[in-house]
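These numbers come from a predicted model, not from an experiment. Just so it is clear, the values below take in all heavy atoms, side chains as well, and ignore hydrogens, waters and symmetry mates.
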Amino acid sequence: MKLFEDIIEKLNKLLYVKPKTSSVITLEDKIKLRKEVSNLLFSVLSGEKTVLNAVSKFPKNKEDNSVAVCFHILMHLEADEDIRKRDNIYREEQDEFILNIAQILQKGEDIPLNIINEYNDFYDESLIYPEINKKTIIARLKKYINI
């Protein structure tokens with residue numbers, strides 16, 4: 001019975017207690033993080049890394065919108081792979097856009113707010129940090145046991 005109670009207690013903590021996150025990021029850390037993301041974008045554009053490889057190495061950060069939007073940009077790039085193969089102009093424009101974003105981040109600057117807002121409208125929630133709640137835990141458990 002004690003084991004069952006321990007399991008229930010752990011599940012309740014997982015489902016109902018949100019992890020404490022640091023909402024304070026120093027300017028130095030922010031610039032370092034932006035340069036790291038910029039380097040990922042450059043490596044994808046140069047063909048050194050695939051989008052999926054870059055996404056797997058993407059730094060987990062929720063405090064900096066300029067970083068979070070780059071995750072969405074990479075996901076959009078991956079989703080457009082078939083269009084990019086068919087349409088050279090689209091591919092060139094998308095590459096130029098990503099190059100501009102990477103250059104902005106390399107300088108440690110903020111990505112323009114209109115771009116951040118455009119991607120935030122496109123993606124309701126962060127793809128980096130899915131919210132942990134009953135629904136997502138149950139979905140993950142179902143996926144894990146193949147239901």
Please tabulate, for the side chains in residues 36-44, all donor-acceptor contacts under 3.5 angstrom to protein atoms that are two or more places apart in sequence or on a different chain.
{"unit_1": "S38", "atom_1": "OG", "unit_2": "A102", "atom_2": "O", "d": "2.7"}
{"unit_1": "S38", "atom_1": "OG", "unit_2": "Q106", "atom_2": "OE1", "d": "2.8"}
{"unit_1": "N39", "atom_1": "ND2", "unit_2": "K35", "atom_2": "O", "d": "3.3"}
{"unit_1": "S43", "atom_1": "OG", "unit_2": "N39", "atom_2": "O", "d": "3.3"}
{"unit_1": "S43", "atom_1": "OG", "unit_2": "L40", "atom_2": "O", "d": "2.8"}

Distance check, rounded to the nearest 0.5 Å: [X] atom [atom1] versus [Y] atom [atom2]?
{"X": "E48", "Y": "N53", "atom1": "CD", "atom2": "CG", "value": "10.5 Å"}
{"X": "I83", "Y": "L77", "atom1": "CD1", "atom2": "CG", "value": "11.0 Å"}
{"X": "D80", "Y": "R91", "atom1": "CG", "atom2": "CZ", "value": "12.5 Å"}
{"X": "L99", "Y": "I104", "atom1": "CG", "atom2": "CD1", "value": "10.0 Å"}
{"X": "I116", "Y": "E118", "atom1": "CD1", "atom2": "CD", "value": "11.5 Å"}

Exercise. What are the two closest non-hydrogen atoms of V51 and L74, and how far apart are they?
Worked result: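 Heavy-atom minimum between the residues: CG1-O, 3.3 Å.
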Exercise. Can you name the nearest heavy-atom pair linking F58 to F71, along with the distance?
Worked result: CZ-N, 3.4 Å
For this session: Tell me, please, which residues at least two apart from D82 pass side-chain hydrogen bond (donor to acceptor under 3.5 Å, both in side chains).
Result: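 By the side-chain hydrogen bond (donor to acceptor under 3.5 Å, both in side chains) rule, D82 matches no residue at all.
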Contacts of type salt bridge (Lys or Arg N to Asp or Glu O under 4.0 Å), residue [X], not counting sequence neighbours:
{"X": "E81", "result": "K85"}
{"X": "D110", "result": "R34"}
{"X": "R84", "result": "D95"}

For this session: State whether the number of non-hydrogen atoms from other residues, nucleotides or ligands found under 6.0 Å of E96 atom CD is greater than 12.
Result: no
Exercise. Do I101 and V69 have side chains that get closer than 4.5 Å, going by heavy atoms?
Worked result: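 The answer is no, as the side chains (C-beta and beyond) never meet within the 4.5 Å cut-off.
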Problem set entry | side chain to side chain contact (heavy atoms under 4.5 Å, CB included) partners for L27, two or more places apart |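 L27: side chain to side chain contact (heavy atoms under 4.5 Å, CB included) contacts with I31.
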Exercise. Is F97 reachable from V67 through a run of hydrophobic residues whose side-chain heavy atoms are each under 4.5 Å from the next?
Worked result: yes
Problem set entry | Stepwise side-chain contact (heavy atoms from CB on, under 4.5 Å) test for I111 and L105 | CA-CA 7 Å; I111 291 177; L105 290 177; 4.0 Å; yes
For this session: Consider only side-chain N and O atoms of D29 and T26, and report whether a donor and an acceptor are under 3.5 Å apart.
Result: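 Result is yes, a qualifying pair exists.
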